[in-house]
Amino acid sequence: MRPDTPAENVDHTAEAARLERTADLYPEDAEALLLRAAAHRELSGDRPAATTLYDRLLASDAALDQPFLVRALKASNLWEYGHEAEARAIITGIRAAAPRDPAPWVIVAESLEAHDELEQAHETYTQAVRLLLTGVSQPPRSAHPLLFGRHRVRRMLGAAHDEWDALADTVHTLPVTLDELHDPKRVWSLGSENPAELEAEILRLRAEVGAFREALSRPFPVAVLHWPAAELTELTEAYPALNVEYPSYDAHLASIEADLRELAASGTGNLGIVTGTVPSFEAFAASELTSPDDPALLPQYATTLAARGRATAWPPERSAACWCGSGRTYGDCHGTA
């Protein structure tokens, strides 16, 4: 699947099958690949097949990077086709385990919310933000959906604003306020015969979904290839023709940040960085029946790694470790102006 394929043109069954075949070829990337395959199975309407993939991951002997996320996705999927009791049991287990990753909290809270369990959804959102954001001055982007979801549920419950709602307002960047986006009365305006009211609601809806459009239309990031210092030395010594592409390690790092900033400035979203290794690159070249010293192979290799779920989103939080591996924060390293 090309990274620029519009979401509405995707054959979800075929894409799921392709990802499952790729997972068989690259078992080290099975978690990322099978999670995406399961998502396509859900979108195709084959929810039992998605559950089978989640169970395959959970039963695997390999340690999962995000076991609670897999469980949360399984619970959400089970509830959608009638297995409410099992879904609730999984959700209870996740809440008891209190994972430090926002993603599973978002999935289970939104599942409760989608099934009109507003009180339990509110309790779940609140438990998550207290666990993950207490004492945090600047919430990471990954935790924003927790704040927004909690705000949304509280609006539906008619609860007054509290300190977490105020924090949600501060990290919200869309032109339409959260109070407007989450106003329960908005649904009534869709039945209005007043063109001005309908136009206003259309603007609100565009603001609400606009941030997700890029991610929905591109299944994996547009990724730039990064070589750690030792790998780059090994690569250029083994294949001197690539010295033209990589005159020095410092130049390589600078070009990565410059290329990503240029892509961002041009309006390209969903950007990432993939890290290469010489054995992996040589294996990829062999699979393409091409010599590793061909510079044209480098962007293809980067795209393949991104398609296998190996990309790290760019830019990182300013307080997060820099992508280059220097040990400094991104804000003090490549994130400087």
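As the structure is a computational prediction, the values presented were derived from the model and not from experiment. Position 1 is the first residue of the sequence, and the numbers go up from there.
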Going by atom types only, do E257 and Y330 share a side-chain donor-acceptor pair under 3.5 Å? yes
Would you say the side chains of D332 and T329 form a donor-acceptor pair under 3.5 Å? yes
According to salt bridge (charged side-chain N to carboxylate O under 4.0 Å, His left out), does anything in residues 163-176 pair up with another residue at least two apart or in another chain? List the pairs. R150-D165, R154-D165
Looking at residues at least two apart in the chain, or sitting in another chain, which of them share a side chain to side chain donor-acceptor pair (under 3.5 Å) with E119? none
Partners meeting side chain to side chain donor-acceptor pair (under 3.5 Å) with W105 (sequence neighbours left out): none
E28: salt bridge (Lys or Arg N to Asp or Glu O under 4.0 Å) partners, not counting sequence neighbours: R308
Side-chain contact test, heavy atoms from C-beta onward, threshold under 4.5 Å: evaluate it for [X] versus [Y] and give yes or no.
X    : Y    : result
W164 : L133 : yes
H144 : P139 : yes
Y125 : E110 : yes
L225 : P299 : no
W323 : L253 : yes

Between H161 and H151, does the ring centroid distance fall short of 6.0 Å? yes
When the aromatic ring centroids of W227 and Y249 are compared, is their separation below 6.0 Å? no
Between R41 and E20 (salt bridge meaning N to carboxylate O under 4.0 Å), is one present in this structure? yes
Between R310 and D65, is there a side-chain N and carboxylate O pair less than 4.0 Å apart? no
Enter the distance from [X]:[atom1] to [Y]:[atom2] here, rounded to the nearest 0.5 Å.
X    : Y    : atom1 : atom2 : result
D179 : H172 : CG    : NE2   : 9.5 Å
L242 : E237 : CG    : CD    : 12.5 Å
T170 : L167 : OG1   : CG    : 4.5 Å

Not counting sequence neighbours, which residues clear side chain to side chain contact (heavy atoms under 4.5 Å, CB included) with H115? List them please. W79, E80, S111
Members other than L19 in its cluster, when Ile, Leu, Val, Met, Phe, Trp, Tyr link by side-chain heavy atoms under 4.5 Å? L33
T126 side chain to H122 main-chain N or O, any donor-acceptor pair under 3.5 Å? yes
From the list N77, L73, L112, side-chain contact (heavy atoms from CB on, under 4.5 Å) with I107 holds only for L73
Taking all heavy atoms of T336 and all of R261, pick out the closest pair and write down the distance. O-NH2, 2.8 Å
